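Report on the structure given below.
Values in this document were obtained by computation on a predicted structure and should not be read as measured data. We name chains A, B, ... by the order of the sequence lines, and we start the count at 1 in each one.
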2 protein chains.
Amino acid sequence: MADKVNKNNRVSISEVAVASGVSKMTVSRVLRGEGGYSEKTRELVMRQVDKLGYLPNRLATVFAGDQASTFVGVSIPDLGNEVFAQVLEGIDRKLGAFGHQTVLGLTQHTQKEEEAWIRTVLSWQPAGLILTGRFHAPRASEMVKNAGIPVVEIWDLNSSPLDMSVGINHFDAGFDMGRYLIGCGYQNIGYVGTSHDTANAATTRLAGFSKAVETGGGAVNKQLCLHDTAGYYPGYYGTEQLLTSSPDIECIFYQNDAMAFGGMQYCVSKDMCVPEDIGIAGWGDLPIAAVMSKRLTSMHVPHLKLGQAAAEMMIARLSGEPTADVRDIGFTLIPGSTVRQPDPS
Amino acid sequence: MADKVNKNNRVSISEVAVASGVSKMTVSRVLRGEGGYSEKTRELVMRQVDKLGYLPNRLATVFAGDQASTFVGVSIPDLGNEVFAQVLEGIDRKLGAFGHQTVLGLTQHTQKEEEAWIRTVLSWQPAGLILTGRFHAPRASEMVKNAGIPVVEIWDLNSSPLDMSVGINHFDAGFDMGRYLIGCGYQNIGYVGTSHDTANAATTRLAGFSKAVETGGGAVNKQLCLHDTAGYYPGYYGTEQLLTSSPDIECIFYQNDAMAFGGMQYCVSKDMCVPEDIGIAGWGDLPIAAVMSKRLTSMHVPHLKLGQAAAEMMIARLSGEPTADVRDIGFTLIPGSTVRQPDPS
DNA sequence: AAGCAATAAGTTACCGGTAACGTATGAGAC
DNA sequence: GTCTCATACGTTACCGGTAACTTATTGCTT
């Protein structure tokens with residue numbers, strides 16, 4: 001099977017033409033179905049198409065004509081994080097429904113990887129790009145602009161995007177969470193996350209969070225940024241580290257719900273009561289938040305919808321329909337019961 | 001930016017040639033760096049490449065020559081399931097490291113979607129395909145065979161694959177789990193899953209599981225197959241349904257750990273003790289299994305490694321290196337403490 | 001200084017489709 | 001009967017690279 005790595009054994013339009021006794025242009029017309037042939041000829045050609053198992057070569061079509069390809073490059077930081085898996089699912093479902101294909105790029109949260117991937121994917125003449133985040137290497141931004149194709153920056157809303165952007169304002173979202181926790185009476189608040197990069201959404205979120213806490217007279221002195229994935233276990237041992245060094249912390253804000261769950265498991269294992277002894281707040285309203293023994297205080301972001309919205313904007317732009325350049329998908333605070341009830345003030 | 005949807009504004013090799021005052025063949029040689037030009041010419045050309053921001057058109061290269069593309073089509077059922085997200089991550093990381101690009105296809109567990117996606121992706125002349133599962137539509141199998149490119153079927157090990165296969169034997173894995181639970185003294189066992197299709201791994205697993213349980217004198221009379229995603233909440237309400245209709249069940253085997261976690265949360269919410277009142281066994285050894293209040297009884301499958309192995313087999317085949325056609329990646333039973341201790345017999 | 005090989009180019013043709021244009025055929029109008 | 005015009009095709013050229021071949025230039029022998 002794989003002894004012929006070259007593609008020469010594939011049936012081409014010319015072979016169909018010869019077999020049908022017509023010119024390859026006629027075959028092309030029949031296959032595209034835009035008229036200019038008789039019913040008799042159509043049947044003749046289609047019979048040979050079926051018989052020979054002809055499959056079109058889209059490479060040739062795109063290459064030949066002015067028409068754009070149906071590829072859309074999608075860069076995602078990583079898939080271990082459920083958030084991005086959901087976003088990607090939303091994107092691919094919607095793109096697929098409109099006849100587009102997703103070319104995936106896992107950037108591992110680095111601009112360098114993203115730049116390398118952009119360079120490669122652009123060489124495949126994609127119809128458009130969907131990029132996670134609003135921070136890109138200068139060279140990457142330049143290449144993308146020069147490509148002259150639609151681009152949607154997602155997740156971290158960019159008010160002055162390369163082209164289009166959909167997501168939420170993470171500073172505001174962080175701020176709202178901070179204000180809420182202050183309103184619950186917490187002053188000494190900790191943070192556990194994994195962002196080791198200033199140019200990402202989690203860091204922006206933390207900045208907004210800190211701002212709100214400080215405005216409310218509290219402090220987020222204890223920030224722990226692990227060099228690990230943002231999963232359950234890092235949440236567990238991150239909490240252990242944080243509480244060992246700072247046992248007086250009243251409440252912990254996590255980078256996401258997975259980490260918050262891990263943190264909560266640590267607290268429970270140490271016979272601490274949540275929220276009586278310590279408050280726990282996550283982020284993302286992931287599926288697990290709804291099935292924990294206590295409803296996790298979190299921030300709901302419509303991840304699947306976000307991905308779908310990105311794909312919709314891309315498709316609209318590609319088909320020449322009008323579309324907003326910037327779309328705020330919004331967030332909703334989930335009070336939950338893993339932090340104290342807010343003061344009724 | 002997007003007012004020019006056609007790609008004509010892209011800089012081509014000819015423009016670089018004119019700007020450098022050489023033929024386009026020379027530019028091509030310089031860019032590929034395989035010799036046949038002077039150092040002076042190289043500098044001349046590279047200066048223009050940088051100046052004009054030339055990006056190669058891989059479409060043309062692949063189209064023109066015999067060489068295969070660097071695309072690899074990867075079909076995945078869905079990404080809501082952490083298992084497949086991990087597998088995909090393993091695949092893409094490894095493929096990317098070897099200069100290949102992933103073209104994603106989400107099949108939603110249906111052969112029909114898979115077939116449609118295969119037809120489309122083959123028209124892009126991919127270097128190879130990685131398909132989840134060993135059951136495909138007849139037309140799909142035929143197309144794949146005719147394409148004459150390497151194919152790796154993953155997840156559900158196929159001992160007589162289309163080309164190559166890597167994964168585990170789900171019947172055996174299910175059987176081992178069934179035997180273990182029988183060994184723990186359970187006889188009246190329930191199952192909660194979401195597989196509504198006979199042609200998938202979960203069903204095969206359940207068949208092996210049932211076989212072992214029956215061999216041990218027990219019964220899996222109560223099987224609940226929900227029409228939902230295999231996540232936390234379906235595990236929760238699936239357990240509720242199952243235990244409401246069959247309160248005498250001693251132990252429940254779940255399609256995966258996420259469902260098992262949801263089920264455990266239901267049991268805990270009803271003041272049932274695990275494993276004293278009811279046994280809980282999951283599948284997959286997902287990250288959450290390690291941070292639950294009790295270590296979840298599960299079956300470890302190296303998902304990331306599986307993805308990487310698939311990519312490695314693909315790369316080996318593409319570069320003409322020898323590689324096994326079938327690779328069993330293995331599984332390990334995690335006894336955990338959410339089922340009773342096995343009889344020391 | 002002539003001969004010859006190595007090096008550094010240029011030329012031509014082609015991959016598989018499609019746009020643009022040219023041409024044969026037949027039906028209907030007069 | 002022939003003129004017109006739509007219909008149903010065929011022909012040619014081109015997209016952006018690269019393989020294969022040809023040609024010009026240089027350097028080194030003897």
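Residue-level contact check: Ser14(A) touches neither bases nor backbone, having no heavy atom under 4.0 Å from any strand. Within the nucleic acid shown, Arg32(A) comes within 4.0 Å of sugar-phosphate atoms alone, with no base atom in reach, counting heavy atoms only. In this structure, Ser23(A) reaches the bases: a heavy-atom distance under 4.0 Å links it to at least one base atom across the strands shown.
Rounded to an integer number of Å, the gap from CD of Gln125(B) to P of dC15(C) is 14 Å. In this structure, Lys24(B) atom NZ and dA19(D) atom P are separated by 13 Å, rounded to whole Å. Here dA8(D) presents its P atom at 15 Å from CG of Leu44(A), a figure rounded to the nearest Å. Rounded to whole Å, the distance from NZ on Lys40(B) to C1' on dT25(D) is 12 Å. One atom, CZ of Arg10(A), and another, C1' of dC15(C), lie 14 Å apart when rounded to the nearest Å. Between the CD1 atom of Ile13(A) and the P atom of dG16(C) there is a distance of 11 Å, given to the nearest Å. Rounded to a whole Å, the CE atom of Met25(B) is 5 Å from the C1' atom of dT18(D). Taking atom CD of residue Glu34(B) and atom P of nucleotide dA20(D), one finds them 12 Å apart after rounding to whole Å.
When atom types are taken as modelled, the side chain of Glu89(B) and the backbone of Gly80(A) share a donor-acceptor pair closer than 3.5 angstrom.
Taking the six-membered ring for Trp and thresholds of 30 and 60 degrees, Phe84(B) and Trp155(B) have ring planes more than 60 degrees apart, a perpendicular arrangement.
In terms of phosphate contacts, Ser12(A) brings no side-chain nitrogen or oxygen within less than 4.0 Å of OP1 or OP2 of dC15(C). The shortest distance between the side-chain N/O atoms of Thr26(A) and the OP1/OP2 oxygens of dC9(D) is not below 4.0 Å. Residue Ser38(A) has no polar side-chain atom (N or O) positioned under 4.0 Å from OP1 or OP2 of dA8(D). Within the 4.0 Å cut-off from OP1 or OP2 of dG10(D), not a single side-chain nitrogen or oxygen of Tyr37(A) is found.
Picking from dC21(D), dC15(C), dG16(C) the nucleotide with the shortest atom distance to the side chain of Arg29(B) gives dC21(D). For Phe63(B), the side-chain atoms get nearest to dC15(C) when compared with the rest of dC15(C), dT18(D), dG17(D). The nucleotide whose nearest atom lies closest to any side-chain atom of Thr41(A) is, among dT18(D), dG16(D), dC9(D), dC9(D).
At a cut-off of 3.5 Å, with distance as the only test, no side-chain donor of His109(B) or Glu114(B) sits close to an acceptor on the other residue.
Of the two residues contacting DNA chain C, namely Ala60(B) and Arg42(B), the nearest-nucleotide position lying further toward the 5' end is that of Arg42(B).
The pair Lys145(A)-Asp163(A) fails the salt-bridge criterion, with no side-chain N (NZ, NE, NH1 or NH2) lying under 4.0 Å from an Asp/Glu carboxylate O. Using a 4.0 Å cut-off between a side-chain N of Lys or Arg and a carboxylate O of Asp or Glu, Glu115(B) and Arg139(B) qualify as a salt bridge.
Between Gln308(B) and Ile91(B) there is no side-chain heavy-atom pair separated by less than 4.5 Å.
Here the straight-line distance linking atom CD of Glu15(A) with atom OG of Ser20(A) works out to 11.0 Å at 0.5 Å rounding.
Only one option out of Leu122(B), Asn146(B), Thr120(B) pairs with Leu55(A) in a side chain to side chain contact (heavy atoms under 4.5 Å, CB included); it is Leu122(B).
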Under 3.5 Å for both distances, Watson-Crick or G-U wobble, that's the pair rule; now give the dot-bracket for DNA chain D, with | marking pairs to another strand and [ ] for crossing ones.
||||||||||||||||||||||||||||||
